[in-house]
2 protein chains.
Amino acid sequence: MSVKTLCLGALSLRDGTGYDIKKLFESAFSHFHSASYGSIYPALKQLQADGLLDCRLEPGAKHPDRKLFSLTGEGRKALVDELTAMPAGEQLRSDFLLLMFFAHLLPTEVLRDKLAQMEAYYEDELSYLKSIADCAEHSAGIAFTIEQGIQVYTAKLGLLRDRREQLLKDHREIPKEWSENSPCTD
Amino acid sequence: MSVKTLCLGALSLRDGTGYDIKKLFESAFSHFHSASYGSIYPALKQLQADGLLDCRLEPGAKHPDRKLFSLTGEGRKALVDELTAMPAGEQLRSDFLLLMFFAHLLPTEVLRDKLAQMEAYYEDELSYLKSIADCAEHSAGIAFTIEQGIQVYTAKLGLLRDRREQLLKDHREIPKEWSENSPCTD
DNA sequence: TTCGAGATATATCAAGTCGATATATTATCG
DNA sequence: CGATAATATATCGACTTGATATATCTCGAA
């Protein structure tokens, strides 16, 4: 029930609407999690039904149907419980590395293009993270998430630049047959 | 159609069954992609129907129903086309960073535990990648994916160890109110 | 030798999720 | 004044996950 936990977390920072939560996922959380409206709205409905959220309607004023959610005491407890129970893990889904894995199948121009795309992406992420790193007083935990992002993107950017020429030069060499069931060791 | 591309890619390395492909996703591809049987088998069926794969049955011999797939000429072309069309991107899904973001809500012991879990995970990944880095002659592209993994995990492990004591010491300080719509800049 | 654990192999299902889309109001700016 | 972007909720089909069922084969320990 990951999206539910994400919503509880978002609402522990401040009260908000489904739209606000989506915005948060696209900014502060964007490095390590995301969720679409199609999962956020059902999750909020469910959480409210479970008594973990309060919902007050704000009609008339500005927007119609503005549903402002806030955590209940139970909701805050549930958040802590879920965070505690959740195993610490991570998963990368990288189309870029897939592309590099099969780089020998691509024309040189295409490969050059992909590398340029990824370089631009890393630069953007890095400059965003650097811009937020030292302007506010983040908690130690939040500062950690930002610093990890900075170090990781810096490493990736450095490697990409170091290896670019070599990749473009070598990339048509056909890789060896993939060994029996996996490479090398097992 | 990501899983289809993944399957075509896997079968470009060697012919294999759905099971073989799953194994490959759990070993060589595991750092940057994954897929479950529930998406692999339907994808193979579809690809075969589209004429991108051949399937020869291997009955009797050892296992029943062993369906050995191989790329057709069209399949190989489709793989190159899809790789070329695919934008170079990546996405991280990290429960660990979520946990760090909300570290101030957790008891110290729990936080210490999560850090230890993640440290062990990073160590495992790192030692696996190092073991395969220099034993075979990988293509430049494959070597790049391995080297990126090594550098990234090394950076993450270093940061985790550097910051652990400070995180455990500071973590009960309550973070500042999240600024209007996003932190700092925008 | 036989017994069980684990690997090999295919397949399906409910539940959850994404990406796109529809709808409608409000804010902004030339 | 009119166009474009932002705010806001909601839904839908298609896809994916994680679990589970089924069955055979392999190999080492009792």
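Scope of the values below: all heavy atoms of this structure, side chains included, with no hydrogens, waters or symmetry mates.
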Rounded to the Å, how far apart are B/Lys22 NZ and D/dT17 P?
-> 9 Å
For atom CG of A/Leu44 and atom P of C/dT17, their distance in whole Å | 13 Å
Is it true that B/Glu165 and B/Lys169 have a side-chain N and a carboxylate O under 4.0 angstrom from each other?
-> no
Could you tell me whether the phosphate oxygens of C/dT8, OP1 or OP2, come under 4.0 Å of any side-chain nitrogen or oxygen in B/Thr17?
-> no
Whole-Å distance separating the CD atom of A/Gln46 from the P atom of C/dG16 = 8 Å
Could you tell me the separation between the CG atom of A/Leu68 and the P atom of D/dT9, rounded to a whole number of Å?
-> 9 Å
Answer with base, sugar-phosphate or nothing: what part of the nucleic acid does B/Lys67 contact at a heavy-atom distance below 4.0 Å?
-> sugar-phosphate
Kindly point out which of D/dT16, D/dT11, C/dT10 is positioned nearest to the side chain of B/Ser2?
-> D/dT16
Value in whole Å for how far the P atom of D/dA8 lies from CD of A/Glu58 = 9 Å
What does the list of N/O pairs under 3.5 Å between the protein and nucleotides 18-22 of chain C look like, with a distance for each?
from	atom 1	to	atom 2	distance (Å)
C/dC18	OP2	A/Ser36	N	3.1
C/dC18	OP2	A/Ser36	OG	3.3
C/dC18	OP2	A/Ser39	OG	2.7

Between atom CZ in A/Phe69 and atom C1' in D/dA10, what is the gap in whole Å?
-> 12 Å
To the nearest 0.5 Å, atom CG of A/Leu92 lies from atom OG of B/Ser94 at 10.5 Å
Would you please say whether a donor-acceptor pair under 3.5 Å links the side chains of A/Arg93 and B/Ser34?
-> yes
Between B/Ile21 (CD1) and C/dA11 (C1'), how many Å, whole number?
-> 15 Å
So CD of A/Glu147 and CG of B/Asp162: to nearest 0.5 Å the spacing works out to 9.5 Å
Check whether any side-chain N or O of B/Tyr41 sits under 4.0 Å from OP1 or OP2 of C/dT10, and answer yes or no.
-> yes
Would B/Glu119 and B/Arg164 pass as an ion pair if we require N to O under 4.0 Å?
-> yes
Let me know the distance between OH of A/Tyr19 and P of C/dA24, rounded to the nearest Å.
-> 18 Å
Using the six-membered ring of B/Phe96, assess whether NZ or CZ of B/Lys114 lies under 6.0 Å from its centre and within 45 degrees of the ring axis.
-> no
Test side chain to side chain donor-acceptor pair (under 3.5 Å) on A/Asp81 and A/Thr84 and set out the steps.
-> CA-CA 5 Å; A/Asp81 289 349; A/Thr84 301; 5.5 Å; no
